[in-house]
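Report on the structure given below.
All values below were derived from every heavy atom in this structure, side-chain atoms included, with hydrogens, water molecules and symmetry-related copies excluded. Each chain gets a letter, A, B and so on, in the order the sequences are listed, and its residues count up from 1.
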Amino acid sequence: MVKMQESNTAIQAMDVSFFYGPNQALFNISLDVAPKRVTALIGPSGCGKSTFLRCLNRMNDIIPKTRLTGKVLINGQDIYDAKENIVDLRKQVGMVFQKSNPFPKSIFDNVAYGPRIHKLHDRKRLAEIVEKSLRRAALWDEVKDRLGENAMGLSGGQQQRLCIARALAVDPQILLMDEPASALDPKSTTHIEDLIGELRQDYTIVIVTHNMQQAARVSDTTAFFYEGRLIELGRTKRIFTKPKEKQTEDYITGRFG
Amino acid sequence: MSGNLSQKLSYQLLRLITYGIVLCIGYILFDVIRHGLPVINWDFLTSFPRRSGSEGGILPAIVGTFYLTVGTIMVALPLGIGCAIYLAEYAEQNRFSELVRLAIITLAGVPSIVYGLFGLGLFVIFCRFGTSILAGSLTLACMVLPIIIVTSEEALRAVPRGFREASLALGATKWQTIRTNVLPYSISGMITGSILAIGRAAGETAPILLTVAAFFLPKLPGSVFDQVMALPYHLYILATQHPETEKVLPLQYGTALVLLMLVLGMNIGAIVIRIYFRKKYKW
């Protein structure tokens with residue numbers, strides 16, 4: 001993939017429609033994501049925000065009978081182009097899931113999984129990457145003495161930060177987060193939100209969230225989805241104070257959703 | 001009848017049924033052990049039968065059953081697990097794959113004598129393997145394949161989707177994901193299910209009757225193209241085909257006990273494997 005020098009779009013969705021079999025889930029979404037910013041996708045359940053997120057690293061490919069039309073450009077390259085290498089794409093676009101899903105392996109092996117998959121087996125390098133990634137995910141101090149223990153023994157919040165560390169270990173430019181804190185307690189949620197605040201300096205982050213306060217706290221830009229359509233896109237502050245669309249206003253003031 | 005009474009009645013009835021079953025199995029085991037144990041000694045296990053099985057030991061039958069079991073595992077396990085991986089991970093879920101599954105389940109219910117005839121036709125005659133360990137192992141493998149496929153596919157499907165998604169999202173290919181993040185977690189289920197199935201096959205008579213088993217062959221096999229004796233067939237011979245079935249009754253019990261212990265040993269092996277992997281990959 002060609003590296004673009006400080007362009008002003010990291011991700012460019014152009015007229016994206018998405019189908020689950022005969023059901024259309026997304027309707028002509030066009031949306032630009034700025035680099036090293038946090039973009040929040042909000043909207044009621046079933047509005048297509050998660051589906052859209054999963055279009056950005058082609059995670060929907062694994063669901064049979066799905067189809068996408070339109071284009072998604074990442075660093076200027078169409079990721080749905082037939083020549084595009086899906087492995088390289090997913091290395092560049094990391095993902096954190098709603099339900100934390102560490103592998104039932106040791107903490108170390110979890111973080112080292114990505115680098116190993118990409119043929120890095122040098123022990124010293126791996127140890128460096130694991131430490132760096134865990135530090136970035138603000139988990140290092142809690143686990144540095146028990147890297148060999150099974151990751152399933154960590155608390156929910158720690159597991160989710162481990163998943164973030166695991167995603168960072170393959171050195172992505174973009175991080176997709178699908179409701180990363182929805183299953184966590186308030187304290188762990190704060191942890192994750194603080195972390196997002198730090199990660200935005202180096203990564204382009206797209207986060208799906210149900211929690212409007214969270215979107216307001218962590219994001220620079222907010223996109224409001226409703227029934228598979230992108231209703232409104234703008235600076236978070238503006239969306240939450242002066243929404244232009246009636247539906248956006250209704251949603252953020254809690255009239256529905 | 002009040003709800004409380006019917007609740008009590010059904011509880012007692014179910015308990016009675018369970019105890020009844022345990023009692024039956026217990027009695028069979030007790031009977032076999034009581035009559036079989038006195039017969040079993042070092043000589044019985046390590047010497048050749050004499051006078052068409054009326055005297056002597058059962059070494060060739062033990063060795064024969066061992067070879068057949070190993071042969072069955074070597075053929076059926078890779079094929080069955082491979083097929084299960086394809087069905088669970090790669091195959092598109094459509095009418096065709098449903099049809100394949102239906103066919104597999106149907107095959108699991110085919111009587112074992114039919115497998116014996118099939119093996120005779122295909123392996124013994126058409127492939128010219130003759131009545132041999134090879135033909136017998138292949139026949140037994142065909143018989144256990146459906147069960148191995150079904151249990152392995154279930155084991156694969158029991159692995160949470162999150163593991164696969166997380167791995168794919170890190171840029172792993174599908175095969176890398178299966179190899180490093182699906183198979184290790186499902187292998188215990190696959191192996192235990194398979195060993196249980198193969199344990200049953202080790203005790204089968206009908207499939208080997210026509211494809212491998214020798215009536216009386218007091219020597220050890222030299223190659224996979226040799227015939228062998230086998231424990232279940234030997235037992236069948238002693239019990240029904242022998243001129244002095246009454247006189248060799250103790251030998252029958254001894255053979256039955258050895259066969260039981262062999263199958264029990266395999267089942268214990270399966271449990272050990274399961275415990276080992278459960279500990280290693282806990283989720």
Portion of F103(A) that has a non-hydrogen atom of chain B nearer than 4.5 angstrom
both
With side chain to side chain contact (heavy atoms under 4.5 Å, CB included) as the criterion, how do R164(B) and I62(A) come out once you've worked through the C-alpha distance, each side chain's angles and the decisive distance to 0.1 Å?
CA-CA 10 Å; R164(B) 295 184 178 84; I62(A) 63 174; over 6 Å; no
Would you please test V87(A) and T173(B) for side chain to side chain contact (heavy atoms under 4.5 Å, CB included) and show each step?
CA-CA 7 Å; V87(A) 168; T173(B) 61; 3.8 Å; yes
Over all atoms of both residues, closest heavy-atom pair of N57(A) and A169(B):
ND2-CB, 4.3 Å
Main chain of P64(A), side chain of E92(B): is a donor-acceptor contact present, judged purely on distance under 3.5 Å?
no
Could you tell me which non-hydrogen atom of I117(A) sits nearest to which non-hydrogen atom of T180(B), and how far apart they are?
CD1-OG1, 4.4 Å
The reported gap from OH in Y185(B) to NZ in K105(A) (rounded to nearest 0.5 angstrom) is 4.0 Å
Below 4.5 Å from any heavy atom of chain B, which atoms of V96(A) appear? Answer side chain, backbone, both or neither.
neither
Considering all heavy atoms of both residues, which atom of N101(A) and which atom of F163(B) are nearest to each other, and what is their separation?
O-CD2, 4.4 Å
Okay, R116(A) and chain B: the region with an atom under 4.5 Å from a heavy atom over there is neither
Distance in Å, R161(B) CZ paired with F97(A) CZ, rounded so as to fall on 0.5 Å steps:
9.0 Å
Heavy-atom distance under 4.5 Å between the side chains of R90(A) and L168(B), does that happen here?
yes
For the residue pair H118(A) and G171(B), what are the closest heavy atoms and their distance?
CE1-O, 3.4 Å
Would you say that more than 12 heavy atoms from the other residues, nucleotides or ligands in this model lie under 6.0 Å from the CD of Q12(B), or not?
yes
Check whether P102(A) gets within reach of chain B through its side chain, its backbone, both or neither, counting any heavy atom under 4.5 Å.
backbone
Can you tell whether the side chains of E165(B) and K99(A) come within less than 4.0 Å, N to carboxylate O?
no
